[in-house]
Amino acid sequence: PGDGKRTSAANLAVALSQIGKKVILIDCDMRLPTVATTFSIPAAPGLSDFLVGQAKIEDAVRRSNTHGISILPAGNLPPDATGLLEDRQLDSLFSALKKIFDYIIVDLPPVNTVPDAVILSKYMDGFLIAVREQKTKHREVEQMLRQIRLAGVRVLGFVNTGAEVKKSGYYK
C-alpha cells in the first residue's frame, strides 16, 4: 500500500492512449478502490456491480475524453471481494475486452496483503510492480515475487516511485 500502484497504472494507461492505443483501465481493488476518484468519475456502477448482475458492462465502463482511455471502476464495495473475483464471468469479460482494446491495464490491491492479484493473474500477460524508494522493504519484494512466481505470472518490470529528482548536470 502507498507504493504508487494506482498512479503508475493510471499514467501508463494515459501514456499508451497518447500514442494511439485503445486502452482500458480496470480498478480491481475492491477493498480500497481509487481509480474513479483519480479520474473524477462515478465509482458505480462498476466491475463489482457487473459481476453480481446489477449492471451491464456497457453501463459500467466510462470513457475519459480528457485522457483518452476507457475506465472500469471497481463499483460498489462487495462483502466478499475475493469470492467475487473468482466469478466465471471474468473469463468472458476479459476475452471480450481483449478483442476491443490494445491494452488492458489492471490496478490490483497489494500482492502481499490479499490473494486477489494472484487470483486475477490468469488474465494478465504480466505484472508491472511499483516499489517506492526508501519505503518498500526488500523482504516484501522477495515475498511478493515468490507469490507471483508460484502463480506462474511473468514480471514485466518494476516502477521505482518516489525517487528524489536531483538537478545537476547538463540535462538537469
Side-chain angles (χ1 to χ4, degrees), residues 1-17 21-130 140 144 147-148 150-156 159 161:
D3 281 358
K5 298 177 311 309
R6 179 205 56 215
T7 302
S8 297
N11 286 338
L12 178 59
V14 171
L16 288 168
S17 78
K21 301 299 179 183
K22 289 184 71 174
V23 181
I24 186 166
L25 174 60
I26 304 174
D27 192 345
C28 283
D29 190 340
M30 303 250 185
R31 290 170 183 81
L32 190 59
T34 54
V35 172
T37 305
T38 300
F39 288 95
S40 301
I41 62 169
L47 178 61
S48 64
D49 305 292
F50 165 73
L51 292 174
V52 298
Q54 293 181 348
K56 294 180 181 178
I57 196 63
E58 52 271 13
D59 296 328
V61 174
R62 318 283 190 310
R63 178 89 179 135
S64 171
N65 294 325
T66 308
H67 298 95
I69 63 172
S70 293
I71 302 165
L72 177 54
N76 290 300
L77 299 181
D80 179 18
T82 300
L84 193 58
L85 293 174
E86 292 174 325
D87 193 296
R88 290 187 174 219
Q89 287 188 80
L90 282 171
D91 292 335
S92 58
L93 174 64
F94 274 95
S95 293
L97 293 176
K98 285 179 181 181
K99 293 175 186 172
I100 299 168
F101 295 97
D102 299 316
Y103 289 94
I104 301 169
I105 308 295
V106 181
D107 182 34
L108 296 164
V111 173
N112 291 346
T113 308
V114 292
D116 301 3
V118 173
I119 290 168
L120 291 169
S121 67
K122 64 184 172 183
Y123 304 111
M124 313 294 155
D125 292 328
F127 281 14
L128 187 59
I129 301 165
E140 291 172 335
M144 177 189 49
Q147 289 183 47
I148 289 172
L150 282 173
V153 180
R154 194 170 110 198
V155 175
L156 302 174
V159 176
T161 63

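The figures that follow rest on heavy atoms only: side chains count, while hydrogens, waters and symmetry mates do not.
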Discussion item. Determine whether a donor-acceptor pair (N or O, by modelled atom type, separation under 3.5 Å) exists between the side chain of D27 and the backbone of V35.
Written reply: yes
Worksheet item: Just by modelled atom types, is the A44 backbone N or O under 3.5 Å from a matching donor or acceptor in the D49 side chain?
Response: no
Practice prompt. Look only at the side chain of Q89 and the backbone of L51, and say whether a donor-acceptor pair between them is shorter than 3.5 Å.
Written response: yes
Worksheet item: Looking at side-chain heavy atoms only, is the closest gap between I148 and I129 below 4.5 Å?
Response: yes
Item to complete: Report yes if some heavy atom in the side chain of T34 is under 4.5 Å from a heavy atom in the side chain of D107; otherwise report no.
Response: yes
Response to the item:
Interatomic distance, OG1@T82 vs CZ@R31, rounded to 0.5 Å, equals 4.0 Å
Discussion item. Please report the interatomic distance OG(S48) to CG(D87), rounded to the nearest 0.5 Å.
Written reply: 11.5 Å
Worksheet item: Does the side chain of P73 reach to within under 4.5 Å of the side chain of R62, using non-hydrogen atoms?
Response: yes
Worksheet item: So which of D116, I119, L120, V114 actually passes side chain to side chain contact (heavy atoms under 4.5 Å, CB included) with L108?
Response: L120
Practice prompt. Report the C-alpha distance between V52 and N76 in whole Å, list the side-chain angles of each, state the deciding distance to 0.1 Å, and finish with yes or no for side-chain contact (heavy atoms from CB on, under 4.5 Å).
Written response: CA-CA 10 Å; V52 298; N76 290 300; over 6 Å; no
Worksheet item: Would a 4.5 Å heavy-atom cut-off, applied to side chains only, mark L93 and I57 as touching?
Response: yes
Fill in: I24 side, atom CD1; K98 side, atom NZ - distance, nearest 0.5 Å
13.0 Å
Discussion item. Around atom CG of D80, are there more than 12 heavy atoms from other residues, nucleotides or ligands closer than 6.0 Å?
Written reply: yes
Item to complete: Apply side-chain contact (heavy atoms from CB on, under 4.5 Å) to the pair L90 and L47, showing each step before the final yes or no.
Response: CA-CA 9 Å; L90 282 171; L47 178 61; 4.1 Å; yes
Worksheet item: Hey, are the side chains of V159 and N11 touching, using non-hydrogen atoms and a 4.5 Å cut-off?
Response: no
Item to complete: May I ask you to test the I69-F39 pair for a side-chain heavy-atom distance under 4.5 Å?
Response: yes
Worksheet item: Do the side chains of V111 and F127 get nearer than 4.5 Å, heavy atoms only?
Response: yes
Worksheet item: Atom CG in L25, atom OG in S17: separation rounded to 0.5 Å?
Response: 10.5 Å
Worksheet, complete the sentence: For D102 and K21 the tightest heavy-atom approach is OD2-CA, 3.4 Å
Item to complete: Applying side-chain contact (heavy atoms from CB on, under 4.5 Å), run through I41 and I71 and close with a yes or a no.
Response: CA-CA 9 Å; I41 62 169; I71 302 165; 3.6 Å; yes
Worksheet item: Atom CD1 of I104 and atom OG of S70: how far apart are they, to the nearest 0.5 Å?
Response: 11.0 Å
Worksheet entry | K5/D29 salt bridge by N-O under 4.0 Å criterion | no
Worksheet item: Are R154 and S121 close enough that some pair of their side-chain heavy atoms sits under 4.5 Å apart?
Response: no
Worksheet entry | CG on L77 to CG on L32, rounded to 0.5 Å | 8.5 Å
Practice prompt. I would like to know whether L128 and S8 meet side-chain contact (heavy atoms from CB on, under 4.5 Å); could you show each step before the answer?
Written response: CA-CA 9 Å; L128 187 59; S8 297; 6.0 Å; no
Fill in: F94 atom CZ, neighbour heavy-atom count above 12 within 6.0 Å
yes
